[in-house]
Asker: 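Encoded as structure tokens, here's the structure I'll be asking about.
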Amino acid sequence: MKNKQRILLHVLFFVFFFILMAALAVDADDPQELQLNCPSSCLERCGRNWKNKMCNKMCNVCCNCCSCVPPGTDQETRHLCPCYDTMVNPKTGKPKCP
């Protein structure tokens, strides 16, 4: 009886595992769908910045490197994109990304 229970438990585990993997699968048929539109994301992020051109330039550099731009215009959202948040200017040590 224990052997049947063990087999049943293994079967249930594998069924659960495959259902979980199917639910987590990403449809990557269209690579354009997965790419971030850096120019429009940076225009939104830098929209209210007083140095708009410089902000857009640096934001696009960071976006192309990190493949993400934090939402909104506030500095409080920087942590939502860790790569963007931790990139620093090697000369000054200040944050590189606006």
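What you are looking at is a predicted structure, and each value in this text was computed from that prediction instead of being measured. Reckoned from all heavy atoms, side chains included, excluding hydrogens, waters and symmetry mates. Count residues from 1 along the sequence.
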Asker: Quick one: does Y84's side chain have a donor or acceptor within less than 3.5 Å of a partner on P98's backbone?
Answerer: yes

Asker: Testing the basics here: between K96 and V61, what is the closest heavy-atom pair and its distance to 0.1 Å?
Answerer: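 That closest heavy-atom pairing would be CE-CG1, 4.5 Å.
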
Asker: What distance separates D85 CG from C62 SG, expressed to the nearest 0.5 Å?
Answerer: 10.5 Å

Asker: For the residue pair C46 and M58, establish whether any side-chain heavy-atom pair is separated by less than 4.5 Å.
Answerer: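 No; the side chains remain at least 4.5 Å from each other.
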
Asker: Output yes when a side-chain donor or acceptor of D74 lies under 3.5 Å from a complementary backbone atom of E76, and no otherwise.
Answerer: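 Side chain of D74 to backbone of E76, a donor-acceptor pair under 3.5 Å: no, none is there.
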
Asker: Of all the heavy-atom pairs spanning C68 and L36, show the shortest one and how long it is.
Answerer: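 It is CA-CD2, 3.5 Å.
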
Asker: Given the rule in the disulfide bond (SG atoms under 2.5 Å apart) test, do C97 and C59 qualify, once you have shown the distances and angles that lead to the verdict?
Answerer: CA-CA 6 Å; C97 307; C59 179; over 6 Å; no

Asker: Flag the pair N60 / P39 as yes when at least one side-chain heavy-atom distance between them is below 4.5 Å, and no otherwise.
Answerer: yes

Asker: What closest approach, in Å, do N52 and G47 show between heavy atoms, and which atom pair accounts for it?
Answerer: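 For N52 and G47, the tightest heavy-atom pair comes out as ND2-O, 3.7 Å.
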
Asker: For atom CD of Q75, decide whether the heavy atoms of other residues, nucleotides or ligands shown that lie under 6.0 angstrom number more than 12.
Answerer: yes

Asker: Do you know which of T77, T73, N56 makes side chain to side chain donor-acceptor pair (under 3.5 Å) with R45?
Answerer: T77

Asker: Does the pair C83/C66 show an SG-SG distance of less than 2.5 angstrom?
Answerer: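 A disulfide is present here, as the SG pair of C83 and C66 is separated by less than 2.5 Å.
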
